[in-house]
*Asks:* 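Take this structure first; my questions come after.
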Amino acid sequence: MSDTHTPSSELFLKKKEDFDRVKREGRRRPTSLFNVMFCLTSTSRTRVGIVVGKRFGKAVARNRGKRIFREVVRKTHGLLVKGQDIVVFPKRPILTCNHQALYDSWVKVLMREGLMSPIKPLPCVKQP
RNA sequence: GGAGUGGGUUAGGUGAUCGCUUGUUCCCGUUUGGGCCUGGGGAUGAGAGGAAAGUCCGGACUCCAAAGGGCAGGGUGCUGGGUAACGCCCAGGCGGAGCAAUCCGACAUGAGCGCCACAGAAAACAUACCGCCGAUGGCAGAGAUCUUUCGAGAGCCUUUGCCAGGUAAGGGUGAAAUGGUGGGGUAAGAGCCCACCGCAUUCAUGGCAACAUGGAUGGCAGGGCAAGCAUCACCCGGAGCAAGACCAAAUAGGGGAACGAACCGAACGGGUUUCUUUUCAACUCAAUGAUGAGGCCUAUCGAGUUGAAGAUUGAAAUCGUGAUGAUUCGGGAGAGGUCGGCCCGACCGAAGUUCUCGGGUAGGUUGCUAGAAGCCCAUGGUAACAUGGGUUCCAGAGACAUGAUCACCCCCAGGUUCCUUGUGAGCGUGGGACAGAAUCCGGCUUAUCGACCCACUCCAUGU
RNA sequence: GUCCCCAUCGUCUAGUCUGGCCUAGGACGCCGCCCUUUCAAGGCGGCAACGCGGGUUCAAAUCCCGCUGGGGACG
């Protein structure tokens with residue numbers, strides 16, 4: 001897929017105002033592993049922000065939570081509908097649950113909200 | 001072999017796939033005119049810690065005017081050394097714990113002030129509750145003695161009670177009570193005297209010193225608390241990379257300059273029509289069109305038709321004449337506001353336009369990692385460490401980079417099967433700590449599954 | 001990241017500087033009893049706390065050190 005060569009610097013939300021806007025105007029969907037909020041944007045791109053607060057744990061745990069989610073977002077970014085800003089709030093159990101379960105849960109929530117094109121198994125996991 | 005003490009090293013490994021940050025280097029470039037930002041792909045190299053943590057100390061670095069002296073305030077506190085510096089480290093002394101290796105210790109101060117609840121006689125400068133004594137002195141009683149005028153008297157004797165008084169041994173209180181043990185001594189006692197121990201002063205010897213050892217003298221000098229105030233010695237100016245330096249939009253505001261009002265003088269000069277030309281809008285050709293991975297700015301495309309608005313620093317023709325004008329140049333003064341009933345007077349002194357200056361926000365760049373650096377060797381030193389030589393280059397972010405999945409091996413638990421029943425093999429399960437650089441170093445403290453190495457101590461056994 | 005501050009019953013607080021009558025006081029709340037026909041108000045009584053671990057001291061909520069948990073300032 002040659003059209004997925006989005007620079008990674010524009011794949012994630014960076015500015016504080018963007019986060020605040022999503023938190024203020026977005027809609028919220030909780031699951032047992034994470035909460036997600038999203039809203040429309042003026043641009044044509046879709047960006048994802050990950051918010052891990054201090055209550056999540058110490059620095060190692062916070063970094064790990066963000067890495068796990070970045071991985072998931074990278075693998076699914078080509079499937080996302082354009083023109084959305086999405087903010088994810090991971091929860092504690094993410095550190096112990098397995099990768100496949102998280103991936104399924106993520107896809108399921110986004111599909112139900114119509115944020116993801118309905119196709120495809122995992123791009124990289126499990127090729128025997 | 002077991003138990004233990006001190007120190008050091010390490011922080012699961014290998015491979016595959018998909019990804020992240022960054023250095024070097026090579027290639028790729030489009031098109032509607034121009035420009036900007038982020039580029040894309042390949043090769044190759046690097047990419048968290050012993051504590052990166054807590055922010056408890058100490059420095060480097062930067063700014064604050066100089067960072068020198070003093071005060072205030074703070075810190076440290078046996079001695080000597082190491083160091084850029086330290087509250088750290090090394091060596092030694094003293095005290096304490098342990099059979100020992102070894103470990104622990106804010107471990108300076110005969111001045112002054114303050115505090116020491118309750119209990120106790122008394123809590124810090126002296127005193128005396130119970131008790132003991134009552135030698136000495138006084139009073140009273142009894143006995144004996146002597147004198148006798150037989151009423152009594154005397155005081156040298158013995159004894160009892162009370163008092164003056166002596167005492168700090170014993171009791172009791174308390175966390176703490178005016179050296180301890182033994183003997184002499186005494187009315188009872190007491191360093192009152194003696195011996196040993198402790199203590200103080202002083203001298204000698206050893207040691208750089210803390211201090212140790214020995215002698216002499218004194219005859220108990222005097223409680224605890226300075227992590228209470230204080231004293232003494234030494235150290236510390238304050239803030240911190242969000243320090244600081246540079247570039248610098250938009251908006252508001254600030255400083256400066258010019259023009260600018262009335263009036264005077266001079267100059268210029270207006271309308272209509274046609275053409276030319278500029279701008280805008282709509283429509284047509286021509287299209288939710290035009291790119292290179294994305295984003296942005298600007299010009300638009302490029303010709304025609306129609307309409308509107310301008311231009312005389314475009315042209316021509318014609319009408320017209322000194323009215324008009326937000327025109328230009330020169331002179332010129334102060335329009336306006338406040339105080340004030342008004343004048344005089346005093347004070348302030350501009351809207352607007354153009355230009356410009358500096359501060360500075362967003363944002364960007366830098367500080368930003370070659371260092372009191374690591375490793376090896378030699379020399380000096382008991383050691384901490386120092387000096388010299390060689391060699392290596394090893395993260396640098398700003399929503400914050402090391403991850404995910406799989407396979408095999410290693411370690412640890414407990415499950416099950418097999419047999420050759422044990423330091424056995426196989427199978428599948430779960431787990432592999434504490435923890436993530438953010439200006440950089442030296443320490444300390446705290447967290448931590450284990451593995452390995454070195455030195456030493458004690459016990460047991462063998463030779 | 002750098003620099004600061006705080007911690008006492010369920011809640012808000014006093015006491016901490018200057019250690020001891022602290023067995024930690026007060027208010028609101030909770031529980032029980034009295035009063036009242038009943039409820040409220042009122043009266044009486046009770047329960048309930050020094051964040052944790054060391055040290056100094058005869059003695060620590062208080063002084064010193066180290067942790068833990070909250071909160072704040074700086075762009």
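Note that these values count all heavy atoms, side chains included, but never hydrogens, waters or copies made by symmetry.
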*Asks:* Say we look at C31(C) and C50(C): how far apart would their C1' atoms be, to the nearest angstrom?
*Replies:*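 It comes out at 25 Å once rounded to the nearest Å.
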*Asks:* Considering only side-chain heavy atoms of N63(A), which listed nucleotide, G436(B), A404(B), A399(B), is closest?
*Replies:*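 Of all the options, the side chain of N63(A) is nearest to G436(B).
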*Asks:* Can you figure out which of U402(B), C400(B), A404(B) approaches the side chain of K66(A) most closely?
*Replies:*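 So the side chain of K66(A) is nearest to C400(B).
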*Asks:* Using purine N1 to pyrimidine N3 plus N6-O4 or O6-N4 for Watson-Crick, or N1-O2 and O6-N3 for G-U wobble, both under 3.5 Å, which nucleotide pairs with G191(B)?
*Replies:*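 Paired with G191(B), as far as the under-3.5 Å criterion goes, is no nucleotide at all.
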*Asks:* Using atom C1' of each nucleotide, how far apart are C375(B) and C394(B) to the nearest Å?
*Replies:*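 Nearest-Å result for C375(B) against C394(B) at atom C1': 12 Å.
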*Asks:* Looking at G398(B), which nucleotide sits across from it as a Watson-Crick or G-U wobble partner, both distances under 3.5 angstrom, or is there none?
*Replies:*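 G398(B) is paired with nothing.
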*Asks:* Write down the partner of A378(B) under the Watson-Crick or G-U wobble criteria, each distance required to be under 3.5 Å.
*Replies:*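 Answer to the pairing question: U387(B), which forms a Watson-Crick or G-U pair with A378(B).
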*Asks:* Looking at R29(A) and N35(A), would you say the former's side chain and the latter's main chain have a donor-acceptor pair under 3.5 Å?
*Replies:*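 Answer holds: no.
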*Asks:* Only pairs with both distances under 3.5 Å count, Watson-Crick or wobble alike; so what is the partner of A73(C) in this structure?
*Replies:*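 Across any shown strand, A73(C) pairs with U2(C).
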*Asks:* How far does CD1 of I86(A) sit from CD1 of I50(A), to the nearest 0.5 angstrom?
*Replies:*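 Here the rounded value is 11.0 Å.
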*Asks:* Nearest-nucleotide wise, let me know which of R67(A) and K58(A) is further upstream toward the 5' end of RNA chain B.
*Replies:*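 The residue closer to the strand's 5' end, by nearest nucleotide, is R67(A).
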*Asks:* Determine the Euclidean distance between corresponding P atoms of G426(B) and G396(B); express it in Å to zero decimal places.
*Replies:*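 Approximately 47 Å lies between the P atom of G396(B) and that of G426(B).
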*Asks:* Say we look at C139(B) and C156(B): how far apart would their P atoms be, to the nearest angstrom?
*Replies:*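 Straight-line distance between the two P atoms is 11 Å.
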*Asks:* Are the side chains of R28(A) and F38(A) in contact, using a 4.5 Å heavy-atom criterion?
*Replies:*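 No. Closest side-chain heavy atoms not under 4.5 Å.
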*Asks:* In whole Å, what separates the C1' atom of G19(B) from that of A404(B)?
*Replies:*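 My reading of the C1' atoms in G19(B) and A404(B) gives 8 Å.
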*Asks:* Which way is the base of U68(C) turned, syn or anti, if we draw the line at 90° from 0?
*Replies:*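 Anti for U68(C); the angle lies over 90° from 0.
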*Asks:* Among residues at least two apart in sequence or on other chains, which ones pass ring pair (Phe, Tyr, Trp, His ring centres under 6.0 Å) with F34(A)?
*Replies:*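 F34(A): ring pair (Phe, Tyr, Trp, His ring centres under 6.0 Å) contacts with F69(A), W106(A).
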*Asks:* If I take atom CZ in residue R62(A) and atom P in nucleotide A435(B), what distance separates them, rounded to the nearest angstrom?
*Replies:*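 My rounded result for the distance is 13 Å.
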*Asks:* Within this structure, what is the CD-to-C1' distance between E71(A) and G403(B), rounded to whole angstrom?
*Replies:*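 The distance from CD of E71(A) to C1' of G403(B) comes to 6 Å, rounded to the nearest Å.
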*Asks:* Let me spell it out: for each of I68(A) and V51(A), pick the nucleotide of RNA chain B with the closest heavy atom. Which residue's pick is nearer the 5' end?
*Replies:*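 Taking each residue's closest nucleotide, the earlier one in sequence belongs to V51(A).
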*Asks:* Mind checking R70(A) for me? I need base, sugar-phosphate or nothing, with any heavy atom below 4.0 Å counting as a touch.
*Replies:*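 Sugar-phosphate, backbone atoms only, no base.
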*Asks:* If we take the P atom in both U382(B) and G82(B), what is their distance in whole Å?
*Replies:*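 Comparing P positions in U382(B) and G82(B) gives a spacing of 14 Å.
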*Asks:* Can you tell me how far C1' in A100(B) sits from the matching atom in A48(B), rounded to whole Å?
*Replies:*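 It comes out at 44 Å once rounded to the nearest Å.
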*Asks:* Can you pull the salt bridge (Lys or Arg N to Asp or Glu O under 4.0 Å) pairs that have at least one residue in residues 59-68 of chain A, sequence neighbours excluded?
*Replies:*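 Qualifying pairs: none.
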*Asks:* Across all strands, who's sitting opposite C157(B) as a Watson-Crick or G-U wobble pair, both distances under 3.5 Å?
*Replies:*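 C157(B) is paired, partner G143(B).
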*Asks:* Hunt down the Watson-Crick or G-U wobble partner of A135(B), both distances under 3.5 Å, from any strand shown, or write none.
*Replies:*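 The base-pairing partner of A135(B), which may sit in any strand shown, does not exist here.
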*Asks:* Using atom C1' in both nucleotides, what's the gap between G222(B) and G180(B) to the nearest angstrom?
*Replies:*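 To the nearest whole Å, 16 Å.
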